[in-house]
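Bear in mind that the values here come from a model prediction, so they are computed numbers and not experimental data. Protein chains get the first letters and strands the later ones, always in sequence-line order, with residue 1 at the start of each.
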Protein chains: 2
Amino acid sequence: MVKMSDVAEKANVSKATVSRVLRNPEAVKKDTRDKVLAIIEQMNYQPNILARHFRRSQTNTILVVVPNIMNTVFSHILGGIEHAAGENGYRVLLANTNKQVEREYEYLDHLKQRQVDGMILLSARMDKNVLTEVMKQFPVVLTADYLEGVAIPTVTIDNVSSARTATEHLINMGHSRIAHITGPLHLLVSQDRLKGYRQALLQNGLAFDNILIQEGDFSHESGYNQMTKLMALEKPPTAVFSANDEMATGVIKAAKENGLSVPGDLAVVGFDNIKLSAIYDPGITTIAQPTFEMGKKAMELLLEQINGIEMGKRQHVLENELIIRESCGANFKKNG
Amino acid sequence: MVKMSDVAEKANVSKATVSRVLRNPEAVKKDTRDKVLAIIEQMNYQPNILARHFRRSQTNTILVVVPNIMNTVFSHILGGIEHAAGENGYRVLLANTNKQVEREYEYLDHLKQRQVDGMILLSARMDKNVLTEVMKQFPVVLTADYLEGVAIPTVTIDNVSSARTATEHLINMGHSRIAHITGPLHLLVSQDRLKGYRQALLQNGLAFDNILIQEGDFSHESGYNQMTKLMALEKPPTAVFSANDEMATGVIKAAKENGLSVPGDLAVVGFDNIKLSAIYDPGITTIAQPTFEMGKKAMELLLEQINGIEMGKRQHVLENELIIRESCGANFKKNG
DNA sequence: CTGAAAGCGCTAACAC
DNA sequence: GTGTTAGCGCTTTCAG
């Protein structure tokens, strides 16, 4: 393995100069630089990055903690992070927690051991005090989730207002008996979407019926099951706002199996705008989360922290958008 | 930052002993070990892993090169890799190439600079000779893709035989005019699936009609477009084997829009068994690739290389399975 | 079973 | 603009 001192010797310069050519080329006279560069090329020298990391105690690597990579929303945010990281010379270390808090804690060691320069969390299940402590010492950003009472930089969308938008869309279509299938209610995201749903009803003078609110777990199956329950009601809903797209497909499936047409007999709105919602039959009206953008933004905030740039606001709320397709009835187009 | 020498001093032992306690506890007497462990705890000592990496020139990190993380198949393989890596004390560095060869080349430097202990490729677009050279020097495994004439350890499924199975299933359902929408034909995977389709027809004495073979690009849209073409034929097909599930949804959509019922008027079989295929209406009959398992196996092979274990065979072919749902007509269940 | 000592390859003061 | 030098914190012989 050829090392820096070999290059230095052959080029008749010092190690320091070789190091400068690599990390701060402007500080070296062009002649010298070219000579060194030529030798580097000729000897096929590869700097030992581990030595560099050690010496500088910096790794140009960040850690991304994901509850589940196999989930589309997360993998898209990850895509955005990876993109921004790459553009700034950073690498991404993947930490899949499988939704286990313990694994979140384990990965904190990577920060403490300086194995990474910062961390982006896509889910924060850990204790708030622990997280607050970590934040004081290391660059951390939270996205796709948020935490109350922790001053951690966060990138999210406004789940309350977008849920309100979604629900209002159904109200505007003339529905008054609108059900909501929520996500797991221990997640703030789910609570917020529920809150938005409530607000829309109240603000439009609609009666609020608890029986129309069913808790799902973001899976297709739970959407199917909860919809089945709802259809068994004496006065079943004419519209459903589902807290994510995957559950919306379960809702539609259950409705169809019961002889209901969507959107003819039942209007459905989902959330996330995952690819599935565009492909599904009928196309699912949904709220588009700018997942890739969220990842990108989160990485940018992390870089600011790493580079010690004074941050302005800590809470970043990105725009979301109602995507109108067939399932809500606004764009009714019969096929099949 | 408390370091090893601090711990050593306080515990009245040498740095060497502390190091042993951490990396090779058996080599230290229990009393000494316990004493050192207590001090470590008490001082809240965190080893400087960068120094360790540098010293040992080993990182316990592997690089995973993915053409596109946002693709379900890849993110599931990644899940399997991450799982196996975690179990073996390895970390996963993510390298998204966006399908650009140049980026594959860039990432090779990580190996050359010893930043990672090995590499798993989920796509091999780079030059075979380059790859062969790399393989001689560093642990590398290829999965989800393969290369002819390169002795690289590979984990795949048998695309030819599974495509044959899929097509034969349609033949057994009584179809004789079966179309095939391929993936991009520059990919070996696509070529193999086409080959399997051909074999099934030939072995069953069916006429082979080139017009029934249309090249797609694995997207929903291409499935839709190619199916639209096929339906315009004088003698349109009664069944379609699509090279992936996403295109299959396009096929079904086009068929429905044309007033055909699936599977009543058109039988469809997909490939991959992504979640979508189970959720779609109708459920899509498909070939299940064991994506998570592939990732796991790939990681295991990589570990063997890293640990210098003599490898047996280099080509690992995992089992795949035909998942029968509604779209092929075998399980016809009308809904909606 | 434990300690002493050398040194991994690079960077960054500091001199010149 | 360039060279000299002193480590970064750990692991690993080699002795004892």
Residues, nucleotides or ligands: over 12 heavy atoms within 6.0 Å of E9(B) CD: no
5' to 3' contact window, DNA chain D with chain A (heavy-atom distance under 4.0 Å): dG1(D) to dG9(D)
Residues from residues 5-12 of chain A lying under 4.0 Å of DNA chain D - heavy atoms: N12(A)
Salt bridge (Lys or Arg N to Asp or Glu O under 4.0 Å) contacts in which one or both residues fall within residues 81-99 of chain B, not counting sequence neighbours: none
Any donor-acceptor N/O pair, N88(B) side chain to Y90(B) backbone, under 3.5 Å: no
Leading and trailing nucleotides of DNA chain C with any atom under 4.0 Å from heavy atoms of chain B: dC1(C) to dG9(C)
Close residues, residues 16-25 of chain A, relative to DNA chain C [heavy-atom separation under 4.0 Å]: A16(A), S19(A), R20(A), R23(A)
With S123(B) via side chain to side chain contact (heavy atoms under 4.5 Å, CB included) - residues at least two apart: P67(B), E104(B), R125(B), D145(B)
Donor-acceptor contact below 3.5 Å, side chain T154(B) vs main chain I152(B): yes
Return all side-chain donor-acceptor pairs below 3.5 angstrom for residues 32-41 of chain A, not counting sequence neighbours, or 'none' if the list is empty.
{"unit_1": "R33(A)", "atom_1": "NE", "unit_2": "P25(A)", "atom_2": "O", "d": "3.4"}
{"unit_1": "R33(A)", "atom_1": "NH2", "unit_2": "V28(A)", "atom_2": "O", "d": "3.4"}
{"unit_1": "D34(A)", "atom_1": "OD2", "unit_2": "K30(A)", "atom_2": "NZ", "d": "2.6"}
{"unit_1": "K35(A)", "atom_1": "NZ", "unit_2": "A11(A)", "atom_2": "O", "d": "3.4"}

Where at least one partner belongs to residues 103-130 of chain B, residue pairs that pass ring pair (Phe, Tyr, Trp, His ring centres under 6.0 Å), sequence neighbours excluded: Y107(B)-H110(B)
Strand contacts (DNA chain D) in residues 28-48 of chain A, 4.0 angstrom heavy-atom criterion: V28(A), K29(A), T32(A)
V140(A) backbone acceptor or donor facing Q305(A) side chain under 3.5 Å: yes
By side chain to side chain contact (heavy atoms under 4.5 Å, CB included) - contacts of N307(B) (at least two apart): L303(B), I309(B)
E319(A) atom CD, over 12 foreign heavy atoms within 6.0 Å: no
Heavy-atom side-chain contact between S19(A) and M4(A) under 4.5 Å: yes
E148(B) side chain reached by K128(B) side chain, heavy atoms, under 4.5 Å: yes
Residue pairs, two or more places apart or on separate chains, that pass ring pair (Phe, Tyr, Trp, His ring centres under 6.0 Å) and touch residues 37-70 of chain A: F54(A)-F54(B)
Ring pair (Phe, Tyr, Trp, His ring centres under 6.0 Å) contacts touching residues 289-320 of chain B (sequence neighbours left out): H83(B)-F292(B)
Greater than 12 external heavy atoms within 6.0 Å of E102(A)'s CD: yes
